[in-house]
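We name chains A, B, ... by the order of the sequence lines, and we start the count at 1 in each one.
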4 protein chains.
Amino acid sequence: MVGRSEESRQAILHSTLTLLGVGESEGTTIQRLTVEAIAKHAGVSKATIYRWWGTKAAVVIDAFASEYVRHTPVRDDLPFEEALREHVLSVVRQYAGPDGRLVAQLVAESQYDSAALQEFHDRFWTARRTAAITLVRRGMDEGVVRSDVDAGMLANLVYAPVYLRLLLHDGELTDDFAALVAELALAGIRVR
Amino acid sequence: MVGRSEESRQAILHSTLTLLGVGESEGTTIQRLTVEAIAKHAGVSKATIYRWWGTKAAVVIDAFASEYVRHTPVRDDLPFEEALREHVLSVVRQYAGPDGRLVAQLVAESQYDSAALQEFHDRFWTARRTAAITLVRRGMDEGVVRSDVDAGMLANLVYAPVYLRLLLHDGELTDDFAALVAELALAGIRVR
Amino acid sequence: MVGRSEESRQAILHSTLTLLGVGESEGTTIQRLTVEAIAKHAGVSKATIYRWWGTKAAVVIDAFASEYVRHTPVRDDLPFEEALREHVLSVVRQYAGPDGRLVAQLVAESQYDSAALQEFHDRFWTARRTAAITLVRRGMDEGVVRSDVDAGMLANLVYAPVYLRLLLHDGELTDDFAALVAELALAGIRVR
Amino acid sequence: MVGRSEESRQAILHSTLTLLGVGESEGTTIQRLTVEAIAKHAGVSKATIYRWWGTKAAVVIDAFASEYVRHTPVRDDLPFEEALREHVLSVVRQYAGPDGRLVAQLVAESQYDSAALQEFHDRFWTARRTAAITLVRRGMDEGVVRSDVDAGMLANLVYAPVYLRLLLHDGELTDDFAALVAELALAGIRVR
DNA sequence: CGATAAACGAGACGGTACGTCTGGTCTTGTG
DNA sequence: CACAAGACCAGACGTACCGTCTCGTTTATCG
């Protein structure tokens with residue numbers, strides 16, 4: 001057995017990101033991106049892409065995940081509420097840039113492609129939420145956060161408004177917005 | 001001038017809904033729906049569709065808006081908190097059915113088509129939010145809801161988790177979920 | 001109803017002949033000729049070609065037939081035997097050039113594509129043979145040719161060696177060859 | 001040095017014949033037959049095939065020649081004319097079956113592949129013709145056949161109509177046809 | 001008898017063309 | 001003069017083979 005070419009794999013993923021203009025503010029959308037263009041840019045045969053991924057969305061998710069999941073870490077050294085504010089801020093800032101546009105498009109693809117949805121869950125959503133859930137649990141342990149509700153549900157209170165604004169283009173993703181989201185979430189989950 | 005044929009307009013919008021299987025749980029997605037199929041089913045020329053709408057998404061939005069925006073009214077006769085719970089429940093219930101799938105797809109289209117986004121805002125999102133905002137304002141007047149934050153922002157606290165679950169397929173849209181969302185939103189916006 | 005574009009039809013057939021290098025001694029073979037190349041050269045969509053022809057071979061036959069069936073007439077003014085020699089000579093001379101190569105390739109296509117075979121029969125073979133059969137009948141009427149055998153069979157005696165040499169590249173198609181073929185055919189069909 | 005694997009060679013040639021359905025009336029055509037299919041069926045690597053043959057046509061010719069050239073012998077014990085009739089009959093009968101279809105396809109391949117043409121000449125055509133030429137020479141020696149014309153040319157008078165019918169599907173290859181061909185050829189080559 | 005070099009199977013790879021599909025435009029004739 | 005009918009160009013789709021090219025792995029002489 002010989003196995004797949006790591007070189008081609010890298011070239012494909014890298015070309016995908018380049019064409020999507022991740023990092024820059026230029027670039028196409030996932031929809032307009034063609035498998036043919038990826039193949040050409042990567043110096044690779046279309047068949048090679050279809051052999052390993054099968055779907056344009058799969059390539060994009062793989063490419064995005066493999067290099068661009070920025071860590072928006074939760075800080076242990078800060079007090080609970082401050083750590084949460086910090087976290088929300090870092091998430092909002094990431095999504096304010098080109099990464100946000102791409103995530104929005106991945107969610108769009110997920111509406112039509114259940115495999116893409118699955119991948120999106122596994123590679124992005126779960127990872128992201130885990131950070132918040134951990135934090136919420138810490139708040140529970142410290143007795144600051146109500147513990148009669150599922151931690152995941154509480155974590156969503158943080159992300160939901162961010163994703164809403166991202167997907168519905170319902171306002172800018174500013175630092176002020178981040179602060180407000182954090183404040184309201186805290187109000188909703190705090191023990192009274 | 002002869003003016004556009006109302007008959008054709010109706011046939012096109014109706015065919016669009018039929019093919020999308022709105023109402024039933026069958027039907028294609030917006031992506032798989034083709035303009036050619038609409039034209040054929042409506043007994044209409046493709047040119048006629050393009051003359052008046054210009055985009056597949058525009059047709060779908062028009063069709064969906066013209067017949068399927070269910071009223072999820074806000075009740076004046078109930079106490080504030082109860083009215084909110086009621087409203088959230090009605091929204092969740094609508095999105096749990098086939099309408100939800102279609103709304104999700106419209107959001108997906110909006111990621112690629114800014115005209116569709118605009119239409120979505122004007123025909124669905126604003127209308128929906130207005131209901132919640134009115135309600136929140138009532139709460140403010142009654143002194144139950146904090147009035148130091150934009151009412152729109154507070155209203156979003158209600159919708160955000162619903163849309164998140166709808167778009168990310170992050171759990172079922174059940175009555176229990178609606179109750180929980182209402183409760184957490186209330187906790188977040190209540191005057192303390 | 002609007003009907004097909006004569007302009008496209010002409011462009012397609014003409015491009016086909018150009019690419020095959022009919023007339024010149026250059027040019028591809030039918031096998032190497034691609035539908036994509038025809039489309040590009042003709043400034044036409046591939047779909048248009050497939051709409052009307054369905055097969056590469058069909059396009060080639062149509063193109064070749066519509067412009068390149070040279071008349072290799074049978075002369076009435078010459079004595080029977082001389083007319084036959086003349087006819088064989090004109091056929092051999094045509095097949096010695098680029099037309100011969102193309103006819104050979106059409107026969108090749110016919111081994112795999114029964115529709116092409118049918119077309120070849122109808123557009124080339126029958127037309128060609130009719131000339132010879134008419135002549136043979138004249139010979140029968142004049143009492144020079146044996147009439148106890150099917151005229152078509154006798155006509156084939158003229159063409160068979162020519163096609164054999166064309167298809168098996170079993171020697172050059174020279175004037176001398178033509179004379180010899182005519183002579184042997186006459187020997188075979190003459191009344192004794 | 002180790003040398004090529006006779007086992008593989010046999011497997012490849014045998015698989016080729018099997019897939020082409022020689023013997024049976026089933027089977028693909030040479031065109032539809034793929035090297036990949038041969039390799040898979042023979043349990044052999046594609047590279048092995050290309051190492052030794054270089055061309056699909058070469059494999060087919062080799063396979064066909066190595067096992068399926070039926071002897072259509074010329075009988076010395078019969079009078080000249082009878083021997084000729086016998087020979088034509090045996091050729092026609094062979095070509096009436098599945099072998100004929102395959103020979104026709106080999107001729108087709110030869111229009112595009114000059115190496116295949118060369119092979120076809122060497123392995124089939126020459127062998128076949130030699131039989132007839134020998135016979136014609138015998139006729140010349142006996143003074144029955146005109147000797148002012150090249151013996152090969154006269155031999156072709158026998159084969160040409162058979163190949164014409166085979167390649168142009170211009171009628172069935174029946175015993176009656178064989179008799180007629182023999183008769184006309186004799187008429188053409190007899191001393192008068 | 002153990003080294004060595006060929007031939008091998010497996011199958012990934014870059015290419016190229018296939019025939020299909022849809023989008024969006026344009027043309028012609030009818031009501 | 002808006003319409004249906006539908007042909008048209010453009011170009012991406014996903015598939016199929018091509019012929020080349022690694023890879024380890026036999027396998028059969030030869031040192």
Side-chain angles (χ1 to χ4, degrees), chain A residues 1-9 11-12 31-40 42-56, chain B residues 1-8 11 31-40 42-56, chain C residues 1-9 11 31-40 42-56, chain D residues 1-9 11 31-40 42-56:
Chain A
M1 244 266 282
V2 177
R4 83 192 272 185
S5 153
E6 185 57 22
E7 198 178 354
S8 292
R9 206 189 91 95
I12 290 164
Q31 200 166 74
R32 269 194 279 274
L33 177 68
T34 67
V35 174
E36 235 145 26
I38 298 174
K40 181 169 242 174
V44 142
S45 167
K46 259 201 301 179
T48 300
I49 297 180
Y50 283 111
R51 179 160 22 240
W52 299 111
W53 285 280
T55 286
K56 183 172 62 179
Chain B
M1 241 264 280
V2 175
R4 89 193 267 185
S5 151
E6 184 57 20
E7 197 178 356
S8 292
Q31 200 165 75
R32 270 194 279 273
L33 176 68
T34 68
V35 176
E36 231 143 27
I38 298 174
K40 181 168 230 174
V44 144
S45 166
K46 265 204 293 180
T48 303
I49 297 179
Y50 281 111
R51 177 153 32 231
W52 301 110
W53 285 278
T55 286
K56 182 173 63 179
Chain C
M1 241 265 283
V2 177
R4 83 192 272 185
S5 152
E6 184 57 23
E7 199 178 356
S8 292
R9 205 186 94 94
Q31 200 166 75
R32 270 195 278 273
L33 177 68
T34 68
V35 175
E36 235 146 27
I38 298 174
K40 180 168 243 175
V44 142
S45 169
K46 263 201 296 178
T48 301
I49 297 180
Y50 283 111
R51 178 161 21 241
W52 299 112
W53 285 278
T55 287
K56 183 172 63 181
Chain D
M1 236 265 281
V2 177
R4 88 193 270 186
S5 153
E6 183 58 21
E7 199 179 354
S8 292
R9 205 187 94 94
Q31 199 165 75
R32 271 194 279 272
L33 177 67
T34 69
V35 175
E36 234 144 27
I38 298 174
K40 183 167 229 174
V44 143
S45 168
K46 264 203 294 179
T48 302
I49 297 179
Y50 282 111
R51 177 155 29 234
W52 300 111
W53 286 277
T55 288
K56 183 173 62 180

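The CD-C1' distance, from E7(D) to dA28(F), rounds to 14 Å in whole Å. Between E6(B) atom CD and dC3(F) atom P there is a gap of 11 Å when expressed in whole angstrom units. Between the CD atom of Q31(A) and the P atom of dA12(F) there is a distance of 14 Å, rounded to whole Å. Atom NZ of K40(D) is separated from atom P of dA16(F) by 11 Å (rounded to the nearest Å). Rounded to whole angstrom, the span from the CD1 atom of I49(B) across to the C1' atom of dA5(F) amounts to 13 Å. The distance from atom NZ of K46(A) to atom P of dC17(F) is 16 Å, rounded to the nearest whole Å. If you measure from atom CD1 of I38(B) to atom P of dG23(E), you get 9 Å, rounded to the nearest angstrom. Look at CZ on R4(C): it is 16 Å from C1' on dT27(E), rounded to the nearest Å.
Among the heavy atoms of the strands lying under 4.0 Å from A47(D) is at least one base atom, whether or not backbone atoms are also near. Note on G54(B): nothing from the nucleic acid sits closer than 4.0 angstrom, heavy atoms only.
If L33(C) and T34(B) are placed on DNA chain E by their nearest nucleotide, the residue sitting closer to the 5' end is L33(C). Place R9(A) and E36(C) on DNA chain E by their nearest nucleotides, and R9(A) ends up nearer the 5' end. Heavy-atom nearest nucleotides on DNA chain F were determined for A37(D) and for G43(B), and the one closer to the 5' end corresponds to G43(B).
At least one donor-acceptor pair under 3.5 Å links the side chain of K56(D) to the backbone N or O of L33(D).
For the OP1/OP2 pair of dC8(F) and a distance below 4.0 Å, the side-chain nitrogens and oxygens of R51(C) include at least one atom meeting the criterion. Within the structure, a side-chain polar atom (N or O) of W52(A) is placed less than 4.0 Å from OP1 or OP2 of dC13(E). Regarding contacts with the backbone of dA2(F), every side-chain N or O of T48(B) stays at 4.0 angstrom or more from both OP1 and OP2. Put simply, S8(D) has a side-chain N or O that comes within less than 4.0 Å of OP1 or OP2 on dG9(E). One finds a side-chain N or O of K56(B) lying less than 4.0 angstrom from the OP1 or OP2 phosphate oxygen of dG23(E). S5(C) has no side-chain polar atom (N or O) that falls below the 4.0 Å cut-off from OP1 or OP2 of dT27(E).
The two residues I49(B) and V44(B) come nearest to each other via the heavy atoms CG1-CG1, 4.1 Å. Heavy-atom minimum distance, A11(B) versus A42(B): O-CB, 3.6 Å. Shown here for A39(C) and S45(C), the closest heavy-atom pair between the two residues is CB-C, 4.2 Å.
With W52(C) as the aromatic partner, R4(C) meets the cation-pi criteria of under 6.0 angstrom to the ring centre and within 45 degrees of the ring axis.
The distance from the OH atom of Y50(A) to the OG1 atom of T55(A) is 8.0 Å, given to the nearest 0.5 Å.
Of all nucleotides listed (dG14(F), dC18(F), dT25(E)), dC18(F) comes nearest to the side chain of Y50(D). For V44(C), taking side-chain heavy atoms from C-beta onward, the closest of the listed nucleotides dC9(F), dC8(F), dG24(E) is dC9(F).
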